[in-house]
Structure formats: structure tokens, C-alpha cells
Trainee: 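Sharing a structure here in C-alpha cells format.
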Amino acid sequence: MSLSTKYNPSEIEDKWYQHWMEQKFFASKPDPNKEPYTIVIPPPNVTGVLHMGHMLNNTIQDVLIRRARMQGKEACWVPGTDHASIATEAKVVNLLKEKGISKKDITRDEFMKHAWEWKEKYGGIILEQLKKLGASCDWDRERFTMEEDMSAAVIETFVDLYKKGYIYRGIRMVNWDPEGKTALADDEVIFKEVNSKLYHIRYQIEGTEDYLTIATTRPETIMADAAICINPNDTRFDHLKGKRAIIPLINKSIPIVEDDYVDMEFGTGCLKVTPAHDINDYEIGLRHNLEAIDIINDNGTLNEKAQILVGEDRFVARKKIGKLLKEAGNLVKEEDYTSNVGHSERTNAVIEPKLSMQWWVKMEELVKPAYEEVMNDNIQLIPPKFKNTYRHWMENVRDWCISRQLWWGQRIPAYYLPNGEYIVAETAEEALTLAKEKTGDNNLKLEDLRQDEDVLDTWFSSWLWPMSVFDGFKDPDNEDFQYYYPTNDLVTGPDILFFWVARMIIAGFEFKGQKPFNNVYLTGIVRDAQGRKMSKSLGNSPDPLELIKNHGADGVRTGLLLSSAAGNDLLFETKLCEQGWNFGNKIWNAFRLVKGWEVVNAEPSVAAKKAQEWFEARFKQAVAEMDDHFSKFRISDALMTVYKLVWDDFCSWYLEAVKPPYGDPIDRETYELTIGFFEDVLKLLHPFMPFLTEELWHQLGDRDEKDCVIVAQYPEVKAYDNEVLEKAKIAFELISQIRNTRSSKGLSPKEQLKLFIKTSDKSLYKEFASIINKLGNLESMEFTTDKVDNAISFVIKSDEFFIPMEGAIDVEKEKAEIQKELDYTKGFLNSVMKKLDNERFVQNAPEKVIEMERKKQADAEAKIKTLEDSLANLG
RNA sequence: GGGAUUAUAGCUCAGUUGGUUUAGAGCACCUGCCUUACAAGCAGGGGGUCGUAGGUUCGAAUCCUACUAAUCCCA
């Protein structure tokens, strides 16, 4: 045979993906005769490249969708990307910079043209990468959050929420990125440990020659100080109460206030309060009615309100002011200090807390149905431990800042009138009409309206995703939306449970009165072997495409799923992919064996017939087990079930039992049944290992282009013969014991052995005699009523087995082994008897439990007797 | 500081409402085999007082309390 002993995935993967695409197997359209099964992809960032998290997440989605497809459901997996305003804008700005173009020198329209060009050229690489993984998305349905219809939905919902009073403008402290010149959401801020200095600065107490000392990491903000704050319980500062202090360098007088917020242990116990530049200070400011003095420009330089160092960058200013304070004699000391400083996820600039006018969504009311429907399990979170986390967030929900000071995104549909008022409307024309009504000024023209410069947060697009991908806003009655929505399962990471999942649920109920999905499967986070998050800066993330190249997509998928229970982080090692590949190779070689057989018309062997009966039952049992695992979203358990079914049951037991001696042909009946079993196994395996199974499906039989395992009918749960499984278990244990005996005596597996059985019930052994003979490699199998001399013996249940050994038997060693088992069984019996001797147990425990304990007792007693006999026989 | 989650074999995890369990799986490990499908394999084997200390119960890995440790979210 010319087939390689090694399975080579790269030869077949692209071929089959292309074939599936050509046959339109991924495509879905509404079919009223079929049950829909829908997944929308968590849209990856359009600038992104595939990382391990995507691999895990999309593998799970693909497993679910492929299984549903084979089960005859109308399976639809919608792919797409989001426009990632900050990330994309940063990329475009950088590209323009390389071309010598500055964003501020071009118009908004020109910039958007460049951005779209960038998107067309570089965006969406990640979707191409998903194809390598085998993702069976309906690619004809690919969506992008900035395309026209999707944007229209965003604008429509903004106006809708505004009209309902859920959207407002307000000044709030935001995370300001002075480089990107935009506000960032909390999750876009990364906190890093930074070495800095703690400056101890003394302020004169007004009207005295005394000083107080504060400690700060940001001396450049002293000009924005509105007060000095002390803890009211701090007796050290009683003399300061009611006094005022003077800011050095600018000689401004500020009050000294008292607030519990001040940590008496930290620094000097005196806190400078800078409401415009620190979130905690802002809140103290609100409590004490302090003025917020903003001395920093949008680009991070100091403005004229600072009075000194105007125009200097905040970090330059920090150094210079240190020097100035020193010269003025106000710098007491500098000490080294490490602090957690927020950085922009995109530009890496140090975040500046900044007061700024932003658009907000009022969340308190909106959240209510979304909260309820998860708490009552109408929407299920998997694993359920996330329900708690979800509840906690929903109960403490805060308003959502949805404006971003960027151009790439949907521009906020608010139009300012010359008098400073504004109108929210879907179009400028509509706004003009409304403006005329509002002002009574019929001379207003479009040119008089100025649209808000800001765009909406990307999440404000993503939260509509399950509805907008089916045009649920543009055309709510359309067939797709009616058929596919609500979707079935959502697969995503717990890190965006609030930013995305919760908001989708909110949007689903608010805009359509329906949940967006039934189940949310939260995957773990893929970490490296040391448990660290994978990150570019650590360089600990393997290249997914490289992994696929080396281990095959099937190998990587299997490797990822093998040890990733829902919600558990996955400590990734390349070894896992090797294990996945090994599994594929095992199946490949099973195929080589079967394919190599010569088939003749003959009677099946007794062993083969028994093996068939057993494997049929075992297969059905595995189908039932897998079905149960899938129903609970235990994907890795389902995989493990089929892994063992293939490796242990099909390869190690079944194929070994039916395999003819080398060179001999196989009878037709056994051959055909075996092919049938193989196909059944491939079906169970296909959602996990799509490529290998498709290849073997076509190699096993002569099939046309439409007859593919991807659309084969998935095995259904059926009743099975449990008795044959129970009997086989004992027969297999006997075979293991025979092999063990051979192995522990250092005999070759080729050495044939004689077996004597002492039992009161011969039927099981007769039934399985042929298999026991073959797999145990026996010369003979006989029944006996007496002990057999010069033999190794062992006990299964209450039956005793003897294998005569030529030459000396180490009696002491045999005795020791039997004694060990006897001790264990006695201990076990003892624990059973403790229960049965306890009156209260017999009274209180359920009948079934007591019965089980009595059975355990009887079995153990019989076994002990047999073991004791064995021991006695040995002398 | 507030809240949550987790703790079972060397590693990653099962163990479903307490009773088929003096605890299972995969990987890793050890021993023997290049046995004509597969050495990336085959056969066999060892390994855990279920984080610690109490409590409830006839019975606890499972329920309760405290402690310890780790992780996450919020401030």
C-alpha cells in the first residue's frame, strides 16, 4: 500500500475547504420546514489578526454549527468585523504620517476616504485566517459595522433613545488620550506600574509663617489646585482647620477643607485637591463646592489658566516645575515611588483624567429587562457562575459614555443651531425642519447647522449586531430577521461580558422586545503555560497560522478543546496541538488498516460477530453520552468521549478483535460492518476534526461531490444493549489480566498461554471465548473445578483464574500480591459494614442505597473467600 | 477598601439534587516491547489523608462557618 504511515493535513485541508465553499454547504437561507440554528460571530476588530483567543472561540462556534448542520437544522453562522474606531483611526493616522500627511491638514471627508481605502486594503485579514481554521461561516452574509445599513441602524437607535430621554450631554471626568485626542472607555485603559517620584511640596499657611507639606506625583498640576484637604480625624492638623493655604509660584490662596477620603497614613496626610485633573479630587470638589480649574489642553500641554509654563507639555512641565519649586525653596524632598498609571490601549499615551462634554446613555431603566431575563434563566450564561458577576454589574450599572473624539465611526446626529441649542435627528434635513419649528425662524438654512464633531463608541454599533446583521432595523419584517432572530448561542470571552454581552441583551429588549440569543457560552482566556495572558509585548503568543501549518487545523482545534472546560482559562502549550495531531494520525492509521484488507465471501469469525454486537452497543452509548455533554455545553467532555471511543474502543478493542491474521483476507460482512462503524465514528468526529473526517469519508467509499460528511446525518440517540457492555467489561478485564500476567513475568506477547477458569457460571466466558482467546493470545481456555498447581492466579469478581507457568513461581511474591488485594477488599468490606451495622443508616437511607450496599457486601465477601482460597492453595 | 470565583494525582480538569467512589479521565511519569495500521505506536504499572481547622448528618470531595492562597471585577 502506498499510503503514508503519517497523516499529512496540509495536503488536504485547502482542498476540502474549497470544495465545501463550491458546494455552498455553509450557505443558509430560511427554510420553514427546518429548525433554525443561528450563531453570530463576535465581530473581531477589522484591524486585528488572529490570536489564540479567536482560535478557541471560533473553534467552539464551528463545532456547534457543524453539529447543528448535520442534525438537519438550518445552520447559519454570520461572520463579520467591527470598525474599531480608535484602533483603525490610529492605523490610518500613522499611515498618513508616513506619507507626510497630518490629520489636521485634511478635511473630515478626505480622511474618511483614506480610512475606507485602508479598510478595503488591509481590513478583514482575520476573516481569511478563520478559513484556515475551517470556520464554516456563511460568507455571503459577511457584515461590517460601518457599512451603510449597519450605520443607519446606529443612527436610528441613537435618535430613538434620545427621544425616549435616555441620551444626554454632560460634563464628566473621562479618560483622555492626549495623543489620540479622544476620550476612552474604562476598558480601553491599561494600568501599568510606572516608576515615578513623589514630590513633597510645602504650601505657606495664609497669614502665618508656618507651612504645610503635601505629597504628589503630579507637581505640574498645583496651579489647578482648588483646596488642601485633611482628614477631620487627624489631630496632627487641628491647627489647620478653617485656615487657607497659598499655592507656591502663583501665590494663590485656597481653602483647607476636611474630608474622610484622605488617607492619614499615606504621604504627609495633607492632600492637594485638583478637581479638574483627578477623579477622586473631582468628587471631593463636588462635596465641598470647589472650582474645577482645567489647566491642560487636549494635546497635553498647559494652557493659560496655568499662568506659568503655558504651552509646555505636561511631562516637560513636571520636570521644570520641580526645578522652580526647588529654587523657590518649596520643594521639601523627592522620593522614588511606583504607581499604577493608566495608558491608552491604542496609543500607549498616559491617560489624562479630564473634564469634558460627552454624550451619555442613562442606563438605570434600560438595564431592567436585561437583568431580569438573565436572572430567570430565560437567557442562560454558561457556566452559570457568571450570573453572579452579571448581577453585580447590572445592579451597579453606570451611565455609558458613547462619544469619541474621532472621525472614523458614525458621526453623532446632533446639529447645533447658531443660538447654541441643538437638535437630534437622523438627517440634517430633518434637523433643519425641526430647528425651524423649534425656533420659529424659517430663514434657517442647512449651512447654519453644525453637526457634532464626535463619533459614537464602537460598542454602540456592536450592541446591535445580532439584530443588525439580519437588517432588523432597516426592514424588521424581512424573512431573515423573522427566521433567524433570536439567535441560539453566543460564544465569547468573559472579559467582554459587560461591554458587549450585557449591552446586546439590553439592546435586544429595548429595540425588539426580544432576547438576542438563548445561551451565552463564555470561554476561558488562553494563557501561556505559566498562566500569563498572551500578549504581544511578552511575545508568548504562538502564531496561530504557524500552528495550523505544523499540526493541521484539526490538530490545533482538537488540542485547544481537549482541556478547555467552559469558563476555565486554558494554559496553552504546543504539546496540546501535538496531541491533537497524534489523534488524527491514529485515525489515519486505522483507516490504512481497514483500507488494506482484501475482502472475500466467507463466514465472519465468532470473535468478529461478538465484537460487532459489542461495538454497536458501545457506539450508541457514546452517542448518548456526547448528546448529554453537548446539551450542557461540555464541549471538551464530548470531545474526550469520542476520543476514547475511537482510540480505546474502536482501535484497541474492536479493530483488534476483527482483524484477520496478517495476509489473510476478511469476510465481506465484517468488512462492510466495519466500514459502517468507521463512517459513524467519522460523523461524531466531524464537528471537531472537519478536514480529516471529510478526507476519510471520501476515501472509505466511492462518493460523489455532494455526498460529504459535513452534511451527513448525525447519529441519533437510540437505546442500546447494556448487558453486552457489562459482560464485555469483564471479558476485557480478563484480557488485561492475562496481558498483565505475561508482562509481569517478562514473557513476550507472542508467547501463547493456557488459561483455566474456576467459576460457577461459565456462560460469559463461553460467549466471549473467541475474543478472549484472540486478544489474550491463549493456547487454550478450559474450565476447572480445582485449583491448578504451578500457576499464576488472579481473581475477578468471585471467579478464579489460573495460568500455568513453566519453571519456578515466586510463591512469596504471588502471596504478597494476593494479600494486598485481600487487604484492600477487607478494608472496603469494612467500610460497607460500618454503614450496614449502623441502625440509623438502615432506618434512614433510601431502599435503593441500602440494596446497593448489600450487593457491595455480597460481592466483597465472595471475593474475599476466593482470595483466601487462593492464598491457602499457595501454601 | 467592596464584591465574586476557585482550591481534587506532577499538569489540566471530571466528580450532576450528600449515598454505585477507602475518589475518575487525558497528558506527563515508570517498566517491557521496533508484535507487518500506527514507536507521534502497543501492552502493563505507580501516583491523591479531595487547601487548613471546625461543624451539620446514620453518611461529606459534595452542605455550613472560620482561616489561608490564587484569580477576576469594581473603586
Side-chain angles (χ1 to χ4, degrees), chain A residues 1 3-7 186-187 263 279-280 283 383 385-393 395-396 398 494-495 497-498 524-525 527 529 531 551 555 559 562-565 567-573 575-576 578-597 628-629 632 634 636-637 639-641 643-644 647 651-652 655-656 659 661-663 735-751 775 777 824-832 834-846 848-853 855-856 859:
Chain A
M1 185 191 308
L3 288 172
S4 161
T5 59
K6 306 266 180 283
Y7 168 55
D186 291 344
D187 59 307
D263 181 353
I279 181 69
N280 298 309
E283 276 160 20
K385 67 177 177 189
F386 287 107
K387 237 170 110 171
N388 261 329
T389 323
Y390 182 87
R391 180 180 57 211
H392 188 251
W393 191 76
E395 284 173 355
N396 298 283
R398 294 195 291 166
D495 45 339
L497 181 59
F498 312 128
I525 293 165
R527 298 171 179 278
H551 307 282
L562 271 170
S563 66
S564 60
N568 280 336
D569 287 359
L570 168 71
L571 302 192
F572 181 82
E573 286 180 276
K575 212 171 63 185
L576 285 170
E578 281 169 30
Q579 195 189 341
W581 184 88
N582 290 351
F583 183 44
N585 193 50
K586 181 73 190 177
I587 302 162
W588 175 255
N589 275 291
F591 162 72
R592 287 179 60 234
L593 171 71
V594 172
K595 198 67 188 168
W597 284 334
D628 182 52
H629 287 319
K632 294 168 184 154
R634 294 166 159 251
S636 27
D637 288 336
L639 173 59
M640 189 46 73
T641 302
Y643 182 92
K644 285 195 275 193
W647 204 306
C651 292
S652 296
L655 286 179
E656 290 299 332
K659 182 163 107 178
Y662 180 69
I735 294 167
S736 288
Q737 283 284 12
I738 296 165
R739 288 168 171 171
N740 181 11
T741 304
R742 190 183 273 115
S743 171
S744 62
K745 299 303 155 213
L747 298 174
S748 157
K750 288 176 183 163
E751 189 105 9
L775 300 189
N777 192 20
Y824 175 89
T825 313
K826 278 182 171 168
F828 180 72
L829 178 64
N830 199 27
S831 76
V832 173
K834 250 198 253 168
K835 292 182 202 171
L836 287 172
D837 287 345
N838 187 324
E839 251 178 62
R840 281 189 284 183
F841 171 76
V842 181
Q843 274 165 17
N844 295 327
K848 220 175 90 187
V849 173
I850 295 170
E851 208 174 299
M852 255 175 329
E853 292 300 318
K855 172 110 172 49
K856 274 153 83 178
D859 288 352

Trainee: Once pairs are restricted to Watson-Crick or G-U wobble with both distances under 3.5 Å, how does RNA chain B read as a dot-bracket string, [ ] for crossings and | for other-strand pairs?
Mentor: (((((((..((((.....[....)))).(((((.......))))).....(((((..]....)))))))))))).

Trainee: Could you run through nucleotides 12-18 of chain B and give me one letter per nucleotide, 5' to 3': B if any protein heavy atom sits under 4.0 Å from the base, S if only the sugar-phosphate is that close, - if neither?
Mentor: SSSSB--

Trainee: Pull out every protein N or O sitting under 3.5 Å from an N or O of nucleotides 58-62 of chain B, one pair per line with the distance.
Mentor:
| unit_1 | atom_1 | unit_2 | atom_2 | d |
| --- | --- | --- | --- | --- |
| B:C58 | O2' | A:N838 | ND2 | 2.5 |

Trainee: Under 3.5 Å, which N/O atoms of the protein pair with N/O atoms of nucleotides 26-31 of chain B?
Mentor:
| unit_1 | atom_1 | unit_2 | atom_2 | d |
| --- | --- | --- | --- | --- |
| B:G26 | O2' | A:Q579 | NE2 | 2.8 |
| B:C27 | OP1 | A:Y643 | OH | 3.4 |

Trainee: Restricting to side chain to side chain donor-acceptor pair (under 3.5 Å), what partner residues turn up for A:E656, sequence neighbours left out?
Mentor: A:K659

Trainee: Looking at residues at least two apart in the chain, or sitting in another chain, which of them share a salt bridge (Lys or Arg N to Asp or Glu O under 4.0 Å) with A:R527?
Mentor: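 A:R527 satisfies salt bridge (Lys or Arg N to Asp or Glu O under 4.0 Å) with A:D569 only.
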
Trainee: If you look at every strand shown and take non-hydrogen atoms under 4.0 Å, does A:S748 touch a base, only sugar-phosphate, or nothing?
Mentor: nothing

Trainee: Under the side chain to side chain contact (heavy atoms under 4.5 Å, CB included) rule, collect the residues that match up with A:D628, sequence neighbours excluded.
Mentor: A:S631, A:K632

Trainee: Could you run down nucleotides 2-8 of chain B 5' to 3' and tag each one B, S or - for protein heavy-atom contact under 4.0 Å?
Mentor: -SSS---

Trainee: Taking side chain to side chain donor-acceptor pair (under 3.5 Å) as the definition, give me every residue that meets it alongside A:D859, ordered by chain and number, with sequence neighbours left out.
Mentor: A:K855

Trainee: What residues form a ring pair (Phe, Tyr, Trp, His ring centres under 6.0 Å) with A:F583, not counting sequence neighbours?
Mentor: A:Y643

Trainee: Just jot down the side chain to side chain donor-acceptor pair (under 3.5 Å) partners of A:N740, sequence neighbours excluded, or say none.
Mentor: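 A:N740 satisfies side chain to side chain donor-acceptor pair (under 3.5 Å) with no other residue.
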
Trainee: Categorize A:E656 for me: base, sugar-phosphate, or nothing, with a 4.0 angstrom heavy-atom threshold over every strand shown.
Mentor: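 Base, at least one base atom sits under 4.0 Å.
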
Trainee: In chain order, what residues pass the side chain to side chain donor-acceptor pair (under 3.5 Å) check against A:R840, with sequence neighbours excluded?
Mentor: none

